[in-house]
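These notes are about the structure you will find just below.
Along the sequence shown, the residues carry numbers beginning at 1. From a predicted model like this one, the values you see are computed outputs, not experimental measurements. Below, all heavy atoms of this structure are taken into account, side chains as well, without hydrogens, waters or symmetry copies.
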Amino acid sequence: MARDTRPMNRRDVLKASGAAGAAGIAGLAGCAGVGGGGGSEYPAIGNYPVEGDEVVFGYNVPQSGSYSQEGQDELRGYRLAEQHLNNGGGWVDDWSDLSGDGVLGKTVTSVEGDTATNPDTARQSAQRMIDRDNAIMISGGSSSAVAIAVQSLCQEEKVQFQCCITHSNDTTGPECVRYSFREMFNAYMTGQALAPVVAEEYGDDLNFYQLYADYSWGQTQQASMEQFLTEAGWSQIESVPTPLGTSDYSSYLSDVPRDEADALILNHYGLDGANSLPQAIEQGLDQDMEVIVPLYNRLMAEAAADSIGGIFGTADWNWKLENSASQSFVEAYQQEHDRVPSYGARIAYAQTLQYAAAAERAGTFYPPEVIRAMEGYEYDNAGLGSETMRGCDHQGQRDVLVMRGLPPEEQTEDSLLELVSTTSRDNLGYGCDSGPAADCELGDYGDEDSG
């Protein structure tokens with residue numbers, strides 16, 4: 001039996017007490033946490049072992065703030081995944097690791113939190129899920145600053161975090177942690193995929209001007225667009241930060257040098273993007289230069305629908321993809337909600353199932369073993385073709401979609417963007433010793449001292 005030589009904190013003691021029953025806490029000093037998934041025996045760590053017939057997942061999303069619309073669709077994806085894990089349906093019926101009868105014999109239940117699109121609020125919400133609700137896994141995002149704050153907490157608490165929407169390079173770069181995984185592509189990959197497309201569309205030797213949301217995501221998005229557009233032969237005039245949550249961009253847009261700029265890059269997302277893009281169009285900037293929104297989402301496109309025609313960007317996934325996994329998810333989601341899903345819903349759904357499948361492969365909820373079951377895992381059943389969850393930085397290696405907004409007269413309620421191209425994973429990414437990965441040090445599993 002493996003032994004845990006680490007000092008026990010209050011939660012460890014309580015969990016060890018529950019596992020020990022009449023044996024007493026003192027008698028469990030070297031044998032805490034027996035059971036809790038598949039009959040494996042490991043020491044207590046984080047919220048392992050899982051007691052009782054249920055296992056708790058925590059869904060920590062923005063239900064208020066700039067990205068609240070996405071948070072609602074993420075919740076729909078999480079709840080659908082939970083329903084399928086417990087009762088079958090959707091991808092669960094096609095994944096050999098999953099049974100449709102819970103996870104490791106336990107019924108999946110959940111708690112939900114509101115990050116308010118604020119890192120401090122998100123961290124407090126996640127802490128409650130860990131301490132009060134005994135969540136064995138937390139998932140969420142829609143702001144990279146939120147995701148980074150929560151994954152740092154999860155590393156400290158030895159509770160696994162499954163990233164939902166987070167696109168900053170930092171998430172799996174300098175801020176990476178062992179206890180977090182990200183399937184979503186990042187700003188670096190957006191630059192790699194988008195720069196060649198817009199350079200071919202608009203020509204060489206153009207001058208571009210950037211506005212960017214002044215936090216982790218916007219900063220790395222700006223830097224990646226500068227890097228790859230410059231490599232494509234374009235020249236940056238200036239790059240200007242804007243506060244997250246800005247509603248009036250008129251002063252920033254008025255400063256754009258119309259006589260110098262050939263392209264305007266708007267690194268804004270969610271409601272920020274839904275404000276800045278229409279205001280740029282209202283000021284007539286699209287008459288003097290090309291406008292590019294590097295990262296799209298459907299909910300943002302809905303809010304800015306009259307302004308997105310012809311505007312290039314990238315997206316995590318699109319409901320029109322014709323592979324069987326995508327269409328299986330779309331069908332299940334439509335049956336439940338009578339609408340097509342956004343990519344935020346797909347990521348939420350996928351990350352919940354990925355965690356559950358990894359626990360089943362590991363045969364335990366013991367976090368270090370679940371993490372090892374995900375590192376280097378290769379799969380092709382999540383709607384994006386062949387993917388790998390890379391072990392060195394926990395960054396998914398996958399294709400990236402380049403999209404373009406449809407003109408208003410061609411838009412429907414469900415169709416706002418068209419797929420321009422799919423950039424293969426073979427032409428994207430970076431080695432473990434380069435790009436954002438070069439700054440990643442994952443940290444410990446938490447069982448290194450167990451003998």
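- Taking the six-membered ring where the residue is Trp, Tyr366 and Tyr48 present perpendicular rings, their angle passing 60° and hence far from 30°.
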Taking it one step at a time, do Ser424 and Asn427 satisfy side chain to side chain donor-acceptor pair (under 3.5 Å)? CA-CA 5 Å; Ser424 167; Asn427 297 321; 4.8 Å; no

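- Remark: the backbone N or O of Tyr188 is paired with a side-chain donor or acceptor of Asn186 at under 3.5 angstrom.
- A salt bridge links Glu418 and Arg404; the closest N-O separation between the charged side-chain nitrogens and carboxylate oxygens is under 4.0 Å.
- Looking at residues two or more places apart in sequence or on another chain, you find a ring-ring contact (aromatic ring centres under 6.0 Å, His included) between Phe185 and His167.
- Here the side chain of Thr388 pairs no donor or acceptor atom with the backbone of Glu378 at under 3.5 angstrom.
- Sulfur-to-sulfur, Cys176 and Cys440 sit under 2.5 Å apart at their SG atoms.
- Classification of Asp316 and Arg398 as a salt-bridged pair holds, one side-chain N sitting under 4.0 Å from a carboxylate O.
- The CE atom of Met225 sits 12.0 Å away from the OG1 atom of Thr220 when rounded to the nearest 0.5 Å.
- Under a 4.0 Å N-O distance rule, the pair Lys158/Asp447 does not qualify as a salt bridge.
- Within 6.0 Å of the CD atom in Glu322, the count of heavy atoms belonging to other residues, nucleotides or ligands does not exceed 12.
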May I have the step-by-step check of side chain to side chain donor-acceptor pair (under 3.5 Å) for Asp114 and Ser64, ending in yes or no? CA-CA 7 Å; Asp114 180 10; Ser64 58; 2.8 Å; yes

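- Using a distance-only test at 3.5 Å, with no hydrogens or angles considered, no donor-acceptor pair links the side chain of Asp170 to the main chain of Ser216.
- Atom CG of Asp101 sits in a sparse spot, with 12 or fewer heavy atoms from other residues, nucleotides or ligands closer than 6.0 Å.
- Between Ile311 and Leu266, every side-chain heavy-atom pair lies at or beyond the 4.5 Å cut-off.
- With a 4.5 Å cut-off on side-chain heavy atoms, Glu183 and Ile347 do not count as touching.
- Of the charged side-chain nitrogens involved, at least one lies within less than 4.0 Å of a carboxylate oxygen, so that Arg258 and Asp288 count as a salt-bridged pair.
- Although no hydrogens or angles enter the test, the distance criterion places a donor-acceptor pair under 3.5 Å between the side chain of Arg425 and the main chain of Ser386.
- Listed for the Thr230 side chain is a donor-acceptor partner under 3.5 Å among the backbone atoms of Glu226.
- In this structure, the side chain of Thr412 engages the main chain of Ser415 through a donor-acceptor pair within 3.5 Å.
- Under the ring-ring contact (aromatic ring centres under 6.0 Å, His included) criterion, Phe57 pairs with Tyr355, not counting sequence neighbours.
- Put simply, the side chain of Thr190 does not reach to within 4.5 Å of the side chain of Phe228, judged on heavy atoms.
- Between the Glu448 side chain and the Tyr445 main chain, a donor and an acceptor come within less than 3.5 Å of each other.
- Tested against His268, the residues Thr246, Asn275, Thr242 include a single side chain to side chain donor-acceptor pair (under 3.5 Å) partner, Thr242.
- Within the 3.5 Å criterion, the main-chain N or O of Ser324 finds no donor-acceptor partner in the side chain of Ser328.
- Taking the side chain as every heavy atom from C-beta outward, Gln354 and Met374 approach each other to under 4.5 Å.
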Go through it in stages, so that I can follow the logic: the residues are Glu156 and Arg123, the test is salt bridge (charged side-chain N to carboxylate O under 4.0 Å, His left out), and I'd like the CA-CA distance, side-chain angles, deciding distance and then a yes or no. CA-CA 12 Å; Glu156 297 167 13; Arg123 192 176 166 103; 2.9 Å; yes

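- Rounded to the nearest 0.5 angstrom, Thr107 OG1 and Leu85 CG are separated by 10.5 Å.
- At distances below 3.5 Å, at least one donor-acceptor pair connects side-chain atoms of Gln411 with backbone N or O atoms of Leu406.
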Atom pairs and distances, side-chain donor-acceptor, residues 75-83, under 3.5 Å, sequence neighbours left out:
from, atom 1, to, atom 2, distance (Å)
Arg76, NH1, Asp73, OD1, 2.7
Tyr78, OH, Ser139, OG, 2.7
Tyr78, OH, Gly140, N, 3.1
Arg79, NE, Glu112, OE2, 2.8
Arg79, NH2, Glu112, OE1, 2.8
Arg79, NH2, Glu112, OE2, 3.3
Glu82, OE1, Tyr59, OH, 2.9
Glu82, OE1, Ser110, OG, 2.7

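- A parallel orientation is assigned to the rings of Tyr377 and Tyr379, their planes being inclined by less than 30° (bins at 30° and 60°).
- With contacts defined as side-chain heavy-atom distances shorter than 4.5 Å, the pair Ser152/Glu175 does not qualify.
- In summary, Glu441 and Arg178 do not engage in a salt bridge, as defined by a charged side-chain N under 4.0 Å from a carboxylate O.
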Given Ser144 and Ser168, is the side chain to side chain donor-acceptor pair (under 3.5 Å) satisfied, shown in steps? CA-CA 6 Å; Ser144 289; Ser168 170; 4.6 Å; no

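- By the 4.5 Å heavy-atom criterion applied to side chains, Ser250 and Gln283 are counted as neighbours.
- For Asn60 (side chain) and Ala122 (main-chain N/O), a donor-acceptor pair under 3.5 Å exists by modelled atom type.
- Ring centroids of Tyr349 and His84 are separated by less than 6.0 Å, placing the two rings close together.
- Trp217 has its side chain out of reach of Thr166: every pair of non-hydrogen atoms, C-beta onward, lies at least 4.5 Å apart.
- Residues Tyr179 and Phe161 place their aromatic rings such that the two centres sit no closer than 6.0 Å.
- Rounding to the nearest 0.5 Å places CD of Gln127 at 5.5 Å from CD1 of Ile130.
- Counting only heavy atoms from C-beta outward, the side chains of Thr314 and Met403 never approach each other to under 4.5 Å.
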